[in-house]
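Below: one structure, written as structure tokens.
Ligands are counted one by one from 1 in listed order, and the atoms in each one are counted from 1 as well. Please read these numbers as outputs of a predicted model, since none were measured by experiment. Side-chain atoms are counted along with the backbone in the values below, which use heavy atoms only and exclude waters and symmetry mates.
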Amino acid sequence: MTRFVAIEGLDGAGTTTQAARLVQVLGSRGRVVVATREPTTGPIGRIIRTTLRAEVNAPAEATLPWLFAADRADHLHRTVLPALEEGAFVVTDRYFHSSLAYQSMSIPLDEVWGLNQGFRVPDVTVFLRVPVDECLRRIGDRQIREIFEEKSRLDAISASYERVVGFLRGKGHHIIDIDGTQPQERVAEQILAFIEA
Ligand code: TMP
């Protein structure tokens, strides 16, 4: 039975919107749902945000593969695993797929995988496929910009996600592709249909 769901995609692909919609609809059907995200709002996640926002005195970007893995271990032990144990549904906005796609731009994919391979695998991962130009158009409306929200980086990360999806499917992970350029309601319906199936 599907209970642990990760929503993935480029910056601007709509992961936050679709995670929130899924949580709302599952809740309205009487499920106990825990909505969560990475980077987390916990101590390590807050440090990561300072790097993503290029704040003064933030850790160097080179630390991100390890910081994200540490944040994930914290996330699992404090939030995800206890919720699953209690029988709740867990929907996370991003998970280790983001690390594989984004941090493999700075260290080899195998090394990123080495930092993440012990973590619980989601029952289903939803990959929202949206072209980079559309992601950038959506990001353009936001107030706070982060280091990956830039065309040359997103072009590379987009190709990286394709590679990562193939890599993880080769390991038997269940990843569904959804066309994230469709209207929000349609995307949400498709995600729900997959999860209920
Ligand atoms: P957000 O835009 O969903 O808040 O995510 C913050 C940024 O962090 C986004 O650019 C993706 C990036 N990220 C990684 O580089 N590695 C990771 O493991 C995670 C979870 C996010």
Side-chain angles (χ1 to χ4, degrees), residues 4-23 35-55 58-76 78-80 90-122 125-130 132 134-165 167-168 173 175 180:
F4 182 22
V5 182
I7 315 280
E8 282 286 346
L10 289 173
D11 292 78
T15 62
T16 304
T17 304
Q18 290 300 330
R21 278 182 171 264
L22 182 61
V23 167
T36 188
R37 67 175 306 160
E38 293 185 5
T40 67
T41 53
I44 306 167
R46 289 200 300 274
I47 291 173
I48 290 173
R49 274 293 167 204
T50 66
T51 298
L52 294 177
R53 292 181 179 163
E55 290 178 12
E61 194 185 327
T63 64
L64 286 179
W66 294 272
L67 288 181
F68 274 115
D71 188 39
R72 188 158 297 126
D74 189 43
H75 186 206
L76 274 166
R78 289 206 295 172
T79 307
V80 176
V90 175
V91 177
T92 183
D93 175 4
R94 297 192 179 281
Y95 194 49
F96 60 57
H97 320 69
S98 288
S99 279
L100 295 174
Y102 287 73
Q103 277 64 61
S104 66
M105 301 290 94
S106 46
I107 64 171
L109 179 61
D110 279 352
E111 285 182 32
V112 188
W113 179 237
L115 296 173
N116 285 277
Q117 63 184 351
F119 296 138
R120 170 95 166 228
V121 175
T125 299
V126 175
F127 176 52
L128 297 175
R129 199 179 284 277
V130 177
V132 170
E134 173 60 14
C135 290
L136 286 167
R137 194 189 62 74
R138 296 179 186 178
I139 292 167
D141 301 335
R142 288 187 197 160
Q143 295 286 319
I144 301 173
R145 299 294 287 261
E146 294 186 341
I147 55 175
F148 296 117
E149 297 177 351
E150 181 222 307
K151 180 162 170 62
S152 59
R153 287 212 186 207
L154 287 186
D155 279 337
I157 296 163
S158 177
S160 177
Y161 256 124
E162 300 299 332
R163 189 162 66 119
V164 164
V165 167
F167 174 82
L168 292 175
H173 294 202
I175 303 175

Under 4.0 Å from one or more heavy atoms of Arg49, ligand 1 contributes atoms 4 (O), 6 (C)
Between Glu61 and Arg153, is there a side-chain N and carboxylate O pair less than 4.0 Å apart? yes
Ligand 1 atoms nearer than 4.0 angstrom to some heavy atom of Glu146 are 6 (C), 7 (C)
If we only count N/O pairs under 3.5 Å, is Thr16 in contact with ligand 1?
no
query: When you measure from the side chain of Asp71 to the backbone N and O of Pro39, does any donor-acceptor pair fall under 3.5 Å?
result: no
among protein heavy atoms, the one nearest atom 19 (C) of ligand 1 is Phe68 CE2, 3.2 Å
Atom 15 (O) of ligand 1 sits nearest the protein heavy atom Gln103 NE2, 2.9 Å
closest protein heavy atom to atom 8 (O) of ligand 1 is Leu52 CD1, 3.6 Å
Nearest non-hydrogen protein atom to atom 18 (O) of ligand 1, with distance, is Ser99 OG, 2.6 Å
Give yes or no for whether the N/O distance cutoff of 3.5 Å, strictly under, is met between Glu149 and ligand 1.
no
Tyr95/Phe4 under ring-ring contact (aromatic ring centres under 6.0 Å, His included): CA gap, chis, key distance, verdict: CA-CA 11 Å; Tyr95 194 49; Phe4 182 22; 5.3 Å; yes
Separation between CG (Leu64) and CZ (Phe148), nearest 0.5 Å, reads 5.5 Å
In this structure, atom 10 (O) of ligand 1 is nearest to the protein heavy atom Asp11 OD2, 2.7 Å
With distance as the sole test, does Glu8 use its side chain to make a donor-acceptor pair with the main-chain N or O of Ser98 at under 3.5 Å?
yes
- request: Give a yes or no on whether a salt bridge exists between Arg49 and Glu55, defined as a side-chain N under 4.0 angstrom from a carboxylate O.
  value: no
For Arg72, the ligand 1 atoms with a heavy-atom partner under 4.0 Å come out as 17 (C), 18 (O), 20 (C)
Donor-acceptor pair, Arg94 side chain versus Gly9 backbone, under 3.5 Å? yes
Would you call Glu146 and Arg53 a salt bridge, taking side-chain N to carboxylate O under 4.0 Å as the test?
-> yes
Worksheet item: Arg37 near ligand 1, heavy-atom distance under 4.0 Å?
Response: yes
For atom 5 (O) of ligand 1, the closest protein heavy atom turns out to be Arg94 NE, 3.4 Å
